[in-house]
Colleague: 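The structure follows.
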Amino acid sequence: MEPDPEIRLHDKTFVPFISRDEIDFAIARMASQVAADFADDVPVFVGVLNGSFMVVADFVRHYPGPCEVTFMKLSSYEGTQTTHSVKKLIGLNQDLSGRTVVVIEDIVDTGTTLVELKALFKEQNVKHLRFATLFFKPEAYTKDIKIDYVGIRIPNKFIVGFGLDYHELGRNLPEVYQLKD
Ligand code: IMP
Ligand code: MG
């Protein structure tokens with residue numbers, strides 16, 4: 001099915017930007033990269049809610065080996081501007097010491113969330129900590145934490161769909177839309 005030529009969410013209009021096929025290809029590639037790096041291990045994939053639920057669901061379906069999946073929740077975004085106050089909302093209640101942990105994000109923008117995540121996982125005594133994100137905005141990124149697996153690099157413009165929202169709308173869209181100028 002072709003995506004709608006334009007969609008309206010609250011007060012804004014969005015246009016098709018990244019297709020279902022491109023998304024699927026990028027996720028499959030990330031899954032093979034992780035599998036190649038941790039072939040002899042049983043990694044724990046930690047999805048960061050809410051945005052990452054679709055990415056994680058597809059990622060683990062593409063992941064060829066044994067793995068565990070869990071989720072945690074943080075929030076740093078209101079509307080189309082980062083608020084720069086990241087809060088931990090739902091923590092991990094699982095022992096991750098000695099484990100290979102791959103944190104899966106929907107999108108990395110300024111990197112503020114990533115800094116918070118890194119600090120939270122530092123206390124967990126994990127064996128390996130890796131970060132994966134489906135979307136990455138290199139022009140907006142202001143941190144120096146290495147992002148180990150990047151799906152698709154995108155310009156510094158607001159997107160919705162495939163888990164990503166504009167004031168909670170748009171997460172259910174199977175492909176990605178970009179804010180119309
Ligand atoms: P950061 O902390 O600035 O990297 O922002 C990360 C969070 O902001 C993501 O987990 C998203 O929830 C949200 N975000 C950043 N860019 C976008 C976007 O283009 N569309 C929707 N949400 C976004
Ligand atoms: Mg959001």
Side-chain angles (χ1 to χ4, degrees), residues 3-4 6-20 22-24 26-27 30 34 44-60 69-92 101-122 129-181:
D4 291 332
E6 261 189 19
I7 53 154
R8 191 93 185 139
L9 301 173
H10 298 293
D11 58 332
K12 299 211 188 302
T13 306
F14 296 84
V15 292
F17 181 47
I18 301 172
S19 72
R20 191 67 197 86
E22 285 173 84
I23 295 168
D24 196 58
I27 294 177
M30 284 200 289
V34 175
V44 185
F45 299 125
V46 181
V48 184
L49 293 171
N50 289 333
S52 78
F53 70 99
M54 281 209 199
V55 187
V56 174
D58 282 3
F59 181 95
V60 297
V69 191
T70 188
F71 288 91
M72 65 180 294
K73 188 163 180 173
L74 291 170
S75 184
S76 76
Y77 222 72
E78 264 155 27
T80 57
Q81 294 289 311
T82 32
T83 59
H84 295 287
S85 63
V86 178
K87 296 182 291 270
K88 181 180 165 189
L89 299 180
I90 299 173
L92 290 159
V101 172
V102 182
V103 177
I104 302 181
E105 273 275 29
D106 48 350
I107 189 164
V108 174
D109 184 28
T110 63
T112 307
T113 310
L114 213 58
V115 169
E116 183 78 14
L117 287 167
K118 194 166 182 177
L120 290 169
F121 281 99
K122 225 179 147 172
L129 179 62
R130 299 289 184 269
F131 291 103
T133 185
L134 176 56
F135 298 112
F136 178 47
K137 294 179 179 169
E139 296 153 22
Y141 193 61
T142 59
K143 313 293 179 196
D144 51 19
I145 295 173
K146 184 179 171 220
I147 308 171
D148 305 280
Y149 308 98
V150 174
I152 303 174
R153 285 170 178 77
I154 59 167
N156 191 9
K157 238 176 126 173
F158 197 77
I159 59 170
V160 291
F162 207 76
L164 290 157
D165 71 300
Y166 171 53
H167 287 306
E168 298 307 325
L169 290 183
R171 294 193 197 277
N172 58 312
L173 298 164
E175 51 285 305
V176 167
Y177 290 72
Q178 190 179 51
L179 185 63
K180 192 182 175 182
D181 298 304

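One-based numbering along the sequence shown. Just so you know, these numbers come straight off a predicted model, no measurement behind them. We count ligands from 1, going down the list as the structure has it; atoms in each ligand are counted the same way.
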Colleague: Give the atom numbers and elements of ligand 1 that come within less than 4.0 Å of a heavy atom of Gly111.
Modeller: 1 (P), 3 (O), 4 (O)
Colleague: So which atom in Arg20 and which in Glu175 form the shortest heavy-atom distance, rounded to 0.1 Å?
Modeller: N-CB, 4.0 Å
Colleague: Contact between Val160 and ligand 1, counting heavy atoms under 4.0 Å?
Modeller: no
Colleague: Relative to ligand 1, is Leu164 under 4.0 angstrom through side chain, backbone, both or neither, heavy atoms considered?
Modeller: side chain
Colleague: Name the option, out of Tyr166, Phe158, Tyr177, that contains the heavy atom nearest to atom 18 (C) of ligand 1.
Modeller: Phe158
Colleague: Below 4.0 Å, non-hydrogen atoms only: which portion of Asp165 touches ligand 1? Side chain, backbone, both or neither.
Modeller: backbone
Colleague: Should you measure from each heavy atom of Asp106, which atoms of ligand 1 turn up under 4.0 Å away?
Modeller: 10 (O)
Colleague: Just to check, does Lys137 reach to within less than 4.0 Å of ligand 1 when the distance is taken from its heavy atoms?
Modeller: yes
Colleague: Restricting to salt bridge (Lys or Arg N to Asp or Glu O under 4.0 Å), what partner residues turn up for Lys143, sequence neighbours left out?
Modeller: none
Colleague: Would you check whether Gly51 reaches within less than 4.0 Å of ligand 1, judged by its heavy atoms?
Modeller: no
Colleague: Between His167 (side chain) and His10 (backbone), is there a donor-acceptor pair under 3.5 Å?
Modeller: no
Colleague: So, does Asp148 use its side chain to make a donor-acceptor pair with the main chain of Ala132 at under 3.5 Å?
Modeller: no
Colleague: Show which atoms of ligand 1 fall inside a sub-4.0 Å distance from at least one heavy-atom site of Glu105.
Modeller: 10 (O)
Colleague: Taking all atoms of both residues into account, what is the closest heavy-atom pair of Pro155 and Phe17, and its distance?
Modeller: CD-CZ, 3.9 Å
Colleague: Any donor and acceptor pair, going by atom type alone, linking the side chain of Thr110 with main-chain N or O of Thr142 inside 3.5 Å?
Modeller: no
Colleague: Could you tell me which residues satisfy salt bridge (Lys or Arg N to Asp or Glu O under 4.0 Å) with Asp181, sequence neighbours excluded, listed by chain and number?
Modeller: Lys157
